[in-house]
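Worksheet for the structure shown next.
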Amino acid sequence: MKKILITNDDGIDSDGLIRLAKVAMEFGEVWVVAPHSQRSAMSHSITLRHSIEAWEVDFPVPGIRAYACDGTPADCVRIGVLNIVPEKPDHVFSGINYGYNVGSDLQYSATAGAAFEASFQKIHTIAFSEDADEMHEVTDEYIKDIMGDLLDKPLEINQIWNVNFPSCRLKDCKGILKGRTVSTDEFYKDRYLEKKVSSGKISYMVEGIRNYEASQGTDLRAILENYVSIGIATNIS
């Protein structure tokens, strides 16, 4: 039986993680190693200067052994692959992320960072993401078939399958687009709001403005037009 390790960056109590684990149970033996709290936008960072801790926790899906970790999502993959899952997992799934992982924003994503860590460990990996809302109809309709299809689709080292589900009603979804490239456009155009605080210091708070334009054939264009986007993302750093 295949062994599947699941992680995320939204924390071990995330609804997306739980939903992903339920589907993955149909394809193999599932293990979860995930951050104990929110770790978004940490990219591929790992812990080097101090120890990290992991502890077994009760998980709401029967039959799954789950561990919370106080490290980064990439740390979770590393200890999951190297220490926790017996004989190394066959696949790593990262997600379901609370927010799209498309375009140039992919470089900041800890969902993607965890997935790339698994790729570095020579493990076949899929990252799953959806919009940061409660609209799960498209995800829940397509995720099982997509998961089953991509499990046997090979990848090179430094590559991951990147799947994004649009935020729309199922009746408004136009279908699935495969072979999407990573857009060079930003999903959010960021700016910082400036505020003077005590002792001469200034605080800066990021504010993202949604971008609704993207080139044809890209992941961002696909989700903007209510398609499921499937493509390969490559880490070239």
Side-chain angles (χ1 to χ4, degrees), residues 7-20 32-55 57 67-79 94-118 120 127-136 139 160 162 164-167 182-215 218-221 223-224 229 233 235-237:
T7 193
N8 71 350
D9 67 5
D10 294 315
I12 197 160
D13 296 322
S14 166
D15 174 70
L17 178 77
I18 295 167
R19 288 164 45 228
L20 181 59
V32 170
V33 183
H36 73 95
S37 59
Q38 175 63 247
R39 292 289 189 273
S40 292
M42 298 196 74
S43 190
H44 197 155
S45 62
I46 61 172
T47 303
L48 295 177
R49 304 304 179 197
H50 59 81
S51 63
I52 56 176
E53 296 181 350
W55 55 97
V57 297
Y67 292 77
C69 174
D70 64 1
T72 70
D75 285 332
C76 292
V77 170
R78 289 169 65 86
I79 65 170
S94 187
I96 303 168
N97 189 61
Y98 188 65
Y100 294 133
N101 279 314
V102 296
S104 58
D105 288 358
L106 198 68
Q107 66 185 317
Y108 304 113
S109 167
T111 303
F116 282 123
E117 177 58 42
F120 293 171
F128 298 93
S129 303
E130 60 188 2
D131 199 9
D133 60 22
E134 300 301 319
M135 188 74 68
H136 304 317
T139 306
I160 63 171
N162 190 35
N164 284 274
F165 299 94
S167 177
V182 178
S183 175
T184 57
D185 298 296
E186 301 167 315
F187 183 60
Y188 284 100
K189 295 182 178 180
D190 290 337
R191 64 182 180 182
Y192 282 85
L193 303 180
E194 183 176 308
K195 180 181 178 181
K196 291 184 179 180
V197 293
S198 61
S199 304
K201 296 179 181 179
I202 300 174
S203 73
Y204 296 90
M205 182 67 185
V206 68
E207 180 183 61
I209 302 171
R210 282 282 295 265
N211 172 36
Y212 291 95
E213 297 180 358
S215 301
T218 64
D219 50 8
L220 180 53
R221 185 62 175 264
I223 61 157
L224 290 176
S229 171
N235 190 315
I236 58 175
S237 61

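We're numbering straight along the sequence, starting at 1.
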_On a heavy-atom basis, which atom in Asn8 and which in Ala34 lie closest, and how many Å separate them?_
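What the structure gives for the nearest pair is OD1-CB, 3.6 Å.
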
*Among side-chain atoms of Asn101 and Ser129, is any donor-acceptor pair under 3.5 angstrom?*
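There is such a pair (donor and acceptor under 3.5 Å, judged by atom type) between the side chains of Asn101 and Ser129.
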
Taking side chain to side chain contact (heavy atoms under 4.5 Å, CB included) as the test, write out the residues that go with [X], two or more places apart.
{"X": "Ser167", "result": "Tyr100, Asp131, Asp133, Met135"}
{"X": "Thr184", "result": "none"}
{"X": "Ser37", "result": "Arg39"}
{"X": "Leu193", "result": "Arg191, Glu207"}

_Candidates Leu17, Asn162, Ile96 - the one meeting side chain to side chain contact (heavy atoms under 4.5 Å, CB included) with Phe128_ =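 Option passing the side chain to side chain contact (heavy atoms under 4.5 Å, CB included) with Phe128: Ile96.
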
_Gap separating the SG atom of Cys69 from the CD1 atom of Ile79, nearest 0.5 angstrom_ =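 Between atom SG of Cys69 and atom CD1 of Ile79 there are 4.0 Å.
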
_Partners meeting salt bridge (Lys or Arg N to Asp or Glu O under 4.0 Å) with Glu53 (sequence neighbours left out)_ =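 Applying salt bridge (Lys or Arg N to Asp or Glu O under 4.0 Å) to Glu53 gives none.
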
*With Arg19, which residues qualify under salt bridge (Lys or Arg N to Asp or Glu O under 4.0 Å), at least two apart?*
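With neighbours one apart ignored, the set is Asp15, Glu130, Asp140.
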
_So, using ring-ring contact (aromatic ring centres under 6.0 Å, His included) as the criterion, who are the partners of His36 when residues are at least two apart?_
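If we apply the ring-ring contact (aromatic ring centres under 6.0 Å, His included) test to His36, skipping adjacent residues, the hits are Trp55.
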
*asked:* Going by the rule ring-ring contact (aromatic ring centres under 6.0 Å, His included), which residues pair with Phe116 if we only count those two or more places apart in sequence or in a different chain?
replied: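 With sequence neighbours excluded, Phe116 shows a ring-ring contact (aromatic ring centres under 6.0 Å, His included) to no residue whatsoever.
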
*asked:* With side-chain hydrogen bond (donor to acceptor under 3.5 Å, both in side chains) as the rule and sequence neighbours excluded, what pairs involving residues 193-206 come up?
replied: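 Listed by first then second residue: nothing to list.
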
*Is the backbone of Ser109 close enough, under 3.5 Å, to the side chain of Gln107 for a donor and an acceptor to pair up by distance?*
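It does not hold such a pair.
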
Can you list everything that forms a side-chain hydrogen bond (donor to acceptor under 3.5 Å, both in side chains) with [X]? Sequence neighbours excluded, please.
{"X": "Asn97", "result": "Thr111"}
{"X": "Thr7", "result": "none"}
{"X": "Asp219", "result": "none"}

*asked:* Ring centres under 6.0 Å, that's the criterion: do His136 and Phe165 meet it?
replied: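 Centroid distance His136-Phe165: not below 6.0 Å, so no.
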
